[in-house]
Amino acid sequence: MTTRPARTDDPITPEPPAPAPVDRRIERYDAASVEPRWQATWEDLRLYHTDLHDPDRPPFYLLTMYPYPSGDLHIGHWYIKTPTDAIARFHRMHGENVFLPIGFDSFGLPAENAAIKNKVNPRDWTMRNIEKMRRQLRSMGATFDWDAEVVTADPEYYRWNQWFFLRFLEAGLAERRMSPVDWCPNDGTLAREQVEGVDRHCWRCGAPVQKRDLEQWFLKITKYADELLDFTGLDWPEPVKVAQTNWIGRSEGAEIVFTTTADQHQPGGDELRVFTTRPDTLFGATFIVLAPEHPLVDRLTHPAQRAAVETYVTQARRRTEIERLSTDRDKTGVAIGAHAINPVNGERVPIWIADYVLSTYGTGAIMAVPAHDERDFAFAAKFGLPIRQVIAPASVEAPAPDAPMSEAYVAHADDDVLVNSARFSGFPAPEGARAIVLWLEDQGNATFTVTYRLRDWLISRQRYWGTPIPVVYCERDGIVPVPDDRLPVLLPDHVDYQGSGVNPLTRDAAFVNTTCPKCGEPARAETDTMDTFIDSSWYWFRYLSPHKADGAVDRVLDERWGPVDQYTGGAEHAVMHLLYSRFFTKALADLGIVREREPFRRLFNQGQILGSDGERMSKSRGNVQDPDELVKRYGADTVRLFLMFMGPWDQGGPWSPTGIGGVARFLNRVWTLALDPHGVEPGDAEAGHLPAGQDYAAADRTMRMAAHRTVRIVTEEYEGFRWNTMVAHLMELANALMRYRGTEAASAPAYDEAVRLLLLMLAPAAPHITEELWSRRLAAAGEPWRSIHTERWPAYDESAVAAEEREVPIQVNGKVRDKVTVPAGISDVELEQIVLARERIRELLAGRTPDRVILAGGGRLVNVVVR
RNA sequence: GCCGAAGUGGCGGAACAGGCAGACGCGUCGGUCUCAAACACCGAUGGCCGCAAGGUCGUGCGGGUUCAAGUCCCGCCUUCGGCACCA
């Protein structure tokens with residue numbers, strides 16, 4: 001590949017910064033002066049601006065989760081982003097055209113909270129933070145392509161959120177429905193984090209939180225539930241796939257129709273559809289439970305029960321879903337005083353409501369089978385409802401219908417059969433389930449169905465700082481989409497919060513009062529804004545053409561660059577962000593806007609850096625670690641390398657700077673090896689002499705072998721993101737070379753080659769010091785400057801890595817007792833002879849003949865077994 | 001409760017695919033350099049016994065398979081992360 005610096009739009013006139021002349025007494029590595037100098041040079045040369053149309057090199061799209069501009073770049077950001085930068089540099093050295101963009105996820109609650117609390121403008125607050133974080137991000141020395149930067153709070157970005165919304169609306173993928181929110185009379189809708197305490201009060205005014213039903217917008221992600229379960233072709237961590245699969249929660253079963261009976265207060269005949277995964281237990285259904293929110297509750301409730309029911313419904317609505325679903329709680333519920341007919345046996349069963357049944361799952365109604373469901377069992381036991389066993393292993397005698405049970409029989413034995421189930425008795429359980437549904441289906445009382453835990457995506461937010469939803473409400477025309485040519489619907493720059501959490505857009509007359517695009521009459525603008533997960537569901541498409549004015553996505557570039565080759569970011573986004581992004585991509589593909597149906601081919605979740613107290617870093621805990629101080633003291637390269645060296649990347653852990661000195665020492669050692677090969681250290685008695693028994697040629701071979709073996713292993717470690725062992729192996733190589741420094745072998749070509757390889761291998765991880773040393777080597781050799789980061793990644797020399805001899809550990813009865821050095825190509829027979837002839841082994845055998853001699857792993861180890 | 005990940009020296013961690021446990025680094029101890037200190041460099045460093053050679057124990061706990069187990073199997077314990085009565 002080219003040895004010129006990466007392509008830029010400008011003609012290249014590399015003006016290498018004049019390297020300091022190499023003194024006899026060499027200076028130590030001074031990061032504070034070297035690093036900013038190279039960062040400025042890279043920027044001047046536009047070294048990391050990616051030419052997305054480059055016809056020659058294969059594209060590699062590397063994406064890292066864009067940060068929220070909280071205003072502080074902490075050590076956790078470095079932990080994600082600097083190894084990602086090393087990936088970029090590694091791929092670039094393989095001749096790939098790497099695109100590593102960056103941007104800011106700049107809408108959201110924190111800006112608004114700051115606005116309410118400190119009376120600052122959310123936009124000013126956000127933009128100030130972005131400014132600060134840009135500076136901090138640059139101090140990493142990462143190769144972000146800043147030309148591609150995306151700021152989601154810019155109209156240039158969010159107008160396309162609105163455009164997508166309109167396309168979804170046309171395609172029937174967006175719809176408006178009632179949905180409850182947590183509500184405070186003073187501060188309006190509350191996010192989960194704004195509800196505090198067990199008594200659930202408002203974070204600002206302390207008022208008790210209420211539930212309130214609002215008309216809100218949904219995106220129909222459930223339409224894609226089945227496709228989202230398919231991860232074919234994705235190289236993703238298994239736990240993420242498992243988490244998404246559970247989140248979608250597909251279950252197969254049937255809907256069964258129960259019909260309400262008449263009484264003196266209502267005519268009956270209402271259909272109650274229940275969802276069950278166990279139609280085989282239908283004969284054991286002894287009551288019905290509805291979610292308290294079920295639409296028929298009001299209509300069916302008997303007057304005598306009305307007061308109790310209403311109290312219960314109010315209570316249930318005040319509980320969080322987590323509370324309602326908590327297993328620790330006692331079962332609660334109320335009979336509503338109505339009944340329904342079990343279609344399978346005509347039995348009249350009572351209808352209850354209970355908060356353990358959710359209106360959002362299935363049909364919001366269940367048939368309770370206490371004999372075969374633990375929750376129903378607990379409920380029946382508490383309220384004295386009948387329990388009837390209808391499933392039992394064929395191997396035991398069928399129990400009587402009313403035989404007492406101490407617990408629900410839920411376990412699936414292979415020989416489970418239906419019992420007490422009329423003509424279905426004796427059917428094996430799975431066949432029984434099928435037969436019952438088929439039979440009921442004929443009468444119109446059942447259908448096979450699939451239900452998902454996944455719910456449609458509620459995107460409406462009653463907040464200012466987000467993308468306005470582009471619809472208008474007209475007296476005459478109803479819900480009217482804003483036409484494309486009127487986009488973007490601009491967020492006003494200044495709003496008055498009046499010290500309250502209520503969405504200030506609702507009070508902004510200029511925003512709210514608009515005209516209907518259809519009839520031209522006065523109309524009301526939608527004041528809800530979009531969930532910020534919308535922003536992050538397509539930002540990587542926009543990076544390809546951030547300023548494109550006539551479309552959201554550049555289709556040509558999408559064809560060329562999509563899907564993202566590698567995505568890096570935290571595991572906390574395992575479900576929501578990654579699932580929404582997959583949904584968006586599929587929907588956009590169906591709308592013909594993008595080509596691919598999956599956004600991220602390969603995903604890596606790095607671990608999380610915790611505070612030194614082992615807790616998640618947060619401002620409120622005061623355990624946020626600022627890297628600036630460390631960077632000032634040790635330099636960016638040292639901090640980068642230290643973060644990589646700490647442990648496996650997917651592990652994370654509590655932050656502690658202990659040990660960073662070791663990494664700094666290593667970089668200084670590299671500096672010394674490269675610039676002062678002939679110096680000697682006073683502390684080393686052996687300094688200046690080759691290791692005992694080695695001549696110049698042996699030293700040469702040893703150095704070559706060490707360097708090339710390191711290339712072999714380190715290349716694999718870069719590919720697998722195993723940074724900690726990668727750094728360890730580079731340290732080993734440096735230590736090995738250190739042994740030859742100051743000896744005659746330091747003049748050998750092998751020494752110089754080893755230093756060259758060491759620098760190349762270190763370059764992606766520690767880009768500044770290697771660039772500096774590289775420039776000095778070139779200058780010393782009288783060659784023109786070129787960046788080390790445009791060099792090719794080294795290949796190892798097969799002949800150099802092969803050893804002539806190897807050491808074989810010898811075990812007797814599985815314990816290492818001896819070692820022997822043998823020629824590399826030795827045969828098994830010869831090896832065995834040598835081993836058995838060893839004095840130490842003969843001693844241990846004491847005249848006995850070995851039972852077996854095992855040569856393990858092609859003679860890597862010998863085990864002599866004697867009993 | 002369910003799902004997922006993990007438990008290895010004083011500490012962070014290493015160990016391909018069952019084959020020398022503890023790579024690399026920190027810390028500690030000893031040394032060289034220095035008037036001295038810092039820096040740098042060299043050496044030692046799992047526990048116990050031993051002057052040494054060497055022995056012995058040792059990867060959360062208890063069993064097992066194997067010539068050989070940190071690694072595989074069975075049964076537990078602990079920690080972290082996620083999910084939450086999903087019918």
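Protein chains get the first letters and strands the later ones, always in sequence-line order, with residue 1 at the start of each.
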ask   = Are Arg453(A) and Trp247(A) in a cation-pi contact, defined as NZ or CZ under 6.0 Å from the six-membered ring centre and within 45° of the axis?
value = yes
query = If we call it a pair only when both distances are under 3.5 Å in a Watson-Crick or G-U wobble match, what pairs with C72(B)?
reply = G64(B)
Nucleotide opposite A21(B) in a Watson-Crick or G-U pair, distances under 3.5 Å = none
inquiry  = Under 4.0 Å from OP1 or OP2 of G81(B): is there any side-chain N or O of Asn605(A) that close?
reply    = no
task = Go ahead and name the base partner of A15(B); Watson-Crick or wobble counts if both distances stay under 3.5 Å, otherwise write none.
result = none
task = Would you mind reading off the distance between Trp236(A) atom CH2 and G4(B) atom C1', rounded to a whole angstrom?
result = 17 Å
inquiry  = Within the structure provided, determine whether Leu861(A) and Ile854(A) are in side-chain contact (heavy-atom separation under 4.5 Å).
reply    = no
inquiry  = Rounding to an integer number of Å, can you tell me how far Arg665(A) CZ sits from A40(B) C1'?
reply    = 9 Å
message = Taking C49(B) as the reference, what is the distance to C35(B) when you measure between their C1' atoms (whole Å, please)?
response = 45 Å
ask   = At under 4.0 Å between heavy atoms, what does Thr451(A) touch on the DNA or RNA strands: base, sugar-phosphate, or nothing?
value = nothing
ask   = Say you pick atom C1' in G22(B) and the same atom in G47(B); how far apart are they, in whole Å?
value = 13 Å
note = A correct 5'-to-3' footprint of nucleotides 53-59 of chain B, with B, S and - meaning base, sugar-phosphate only and no protein heavy atom under 4.0 Å, is -SSSS--
ask   = Would one find a side-chain N or O of Ser656(A) under 4.0 angstrom from OP1 or OP2 of C11(B)?
value = no
task = In whole angstrom, give the distance that lies between atom CG of Asn724(A) and atom P of A23(B).
result = 14 Å
key: Side-chain N,O (Gln608(A)) to OP1/OP2 (G81(B)) below 4.0 Å   = no
Same-atom distance (C1') from C80(B) to G60(B), integer angstrom = 15 Å
key: Side-chain N,O (Arg739(A)) to OP1/OP2 (C41(B)) below 4.0 Å   = no
inquiry  = So for Arg860(A) and C16(B), does any side-chain atom that can act as donor or acceptor lie under 3.5 Å from a complementary atom in the base?
reply    = yes
query = When you measure from the side chain of Arg669(A), which nucleotide among C41(B), C24(B), A14(B) comes out closest?
reply = C41(B)
key: Atom pair distance, as rounded to whole Å: CG in Asn342(A) and P in A87(B)   = 19 Å
task = Look at the side chain of Tyr361(A) and decide which nucleotide, out of C86(B), A14(B), A23(B), has an atom nearest to it.
result = C86(B)
ask   = Between atom CD in Gln651(A) and atom C1' in U79(B), what is the gap in whole Å?
value = 13 Å
key: Option from Tyr79(A), Phe645(A), Tyr718(A) for which ring pair (Phe, Tyr, Trp, His ring centres under 6.0 Å) with Trp723(A) holds   = Tyr718(A)
inquiry  = Using side chain to side chain contact (heavy atoms under 4.5 Å, CB included), reason through Arg712(A) and Val801(A) one step at a time and then give a plain yes or no.
reply    = CA-CA 9 Å; Arg712(A) 182 170 62 182; Val801(A) 300; 3.8 Å; yes
ask   = How many Å lie between CG on Leu358(A) and P on A87(B), as a whole number?
value = 11 Å
ask   = Where do Phe666(A) and Leu730(A) land on the side chain to side chain contact (heavy atoms under 4.5 Å, CB included) test, with the steps shown first?
value = CA-CA 9 Å; Phe666(A) 162 64; Leu730(A) 293 183; 3.9 Å; yes
remark   = Considering only heavy side-chain atoms of Met731(A), the closest of C67(B), C24(B), A84(B) is C24(B)
task = Evaluate the ring planes of Phe642(A) and Trp655(A), with Trp represented by its six-membered ring, and classify them as parallel (under 30°), tilted (30 to 60°) or perpendicular (over 60°).
result = perpendicular
query = Would you say C86(B) has OP1 or OP2 under 4.0 Å from some side-chain N or O of Tyr452(A)?
reply = no
task = Between C77(B) and G27(B), how far apart are the C1' atoms? Round to whole Å, please.
result = 31 Å
Smallest separation among heavy atoms of Thr82(A) and Met644(A), with atom names = O-CE, 3.9 Å
key: Base orientation of G9(B), syn vs anti, 90° cut from 0   = syn
inquiry  = Side-chain N or O of Arg455(A) versus OP1/OP2 of C86(B): is the shortest distance under 4.0 Å?
reply    = no
request  = State the pairing partner of G81(B); accept Watson-Crick or G-U wobble contacts with both distances under 3.5 Å, and report none otherwise.
outcome  = C3(B)
ask   = Trp655(A) has an atom CH2; how far is it from atom P of G13(B), in whole Å?
value = 13 Å
request  = Walk me through it: do Phe287(A) and Val289(A) pass the test side chain to side chain contact (heavy atoms under 4.5 Å, CB included)?
outcome  = CA-CA 7 Å; Phe287(A) 56 104; Val289(A) 187; 3.5 Å; yes
ask   = Under 3.5 Å, is there a donor-acceptor pair linking the side chains of Thr725(A) and Glu717(A)?
value = yes
key: Assigned partner base of G50(B), Watson-Crick or wobble definition, under 3.5 Å   = none
query = Counting side-chain heavy atoms from CB outward, which of C20(B), G13(B), C24(B) is closest to Gln811(A)?
reply = C20(B)
request  = Name the orientation class of the two ring planes belonging to His577(A) and Phe533(A) (parallel below 30°, tilted from 30 to 60°, perpendicular beyond 60°).
outcome  = parallel
C1' spacing across the pair G46(B) / G70(B), given as an integer number of angstrom = 15 Å
remark   = Scanning all shown strands, the Watson-Crick or wobble mate of A44(B) with both distances under 3.5 Å is U28(B)
query = Rounded to whole angstroms, how far apart are CD on Gln244(A) and P on C3(B)?
reply = 20 Å
remark   = Testing C41(B), C86(B), G19(B) for proximity to the side chain of Arg453(A), the answer is C86(B)
remark   = Nearest-nucleotide check on RNA chain B, Lys819(A) vs Asn863(A); residue mapping nearer the 5' end is Lys819(A)
query = Which nucleotide in the set A87(B), C26(B), G4(B) lies at the smallest distance from any side-chain heavy atom of Phe275(A)?
reply = A87(B)
request  = Look at all strands and tell whether Asn735(A) reaches a base, only sugar-phosphate, or nothing, counting heavy atoms closer than 4.0 Å.
outcome  = sugar-phosphate
ask   = Considering only the C1' atoms, how many Å lie between G13(B) and G19(B), rounded to the nearest integer?
value = 22 Å
ask   = Taking for each residue the nucleotide of RNA chain B with the nearest heavy atom, is it His729(A) or Gly364(A) whose nucleotide lies nearer the 5' end?
value = His729(A)
task = Can you tell me, in whole Å, how much space there is between the P of A69(B) and that of G4(B)?
result = 29 Å
query = Where does the angle between the aromatic ring planes of Trp671(A) and Tyr29(A) fall among parallel (under 30°), tilted (30 to 60°) and perpendicular (over 60°)?
reply = tilted
Between G58(B) and A21(B) - C1' atom distance, rounded Å = 9 Å
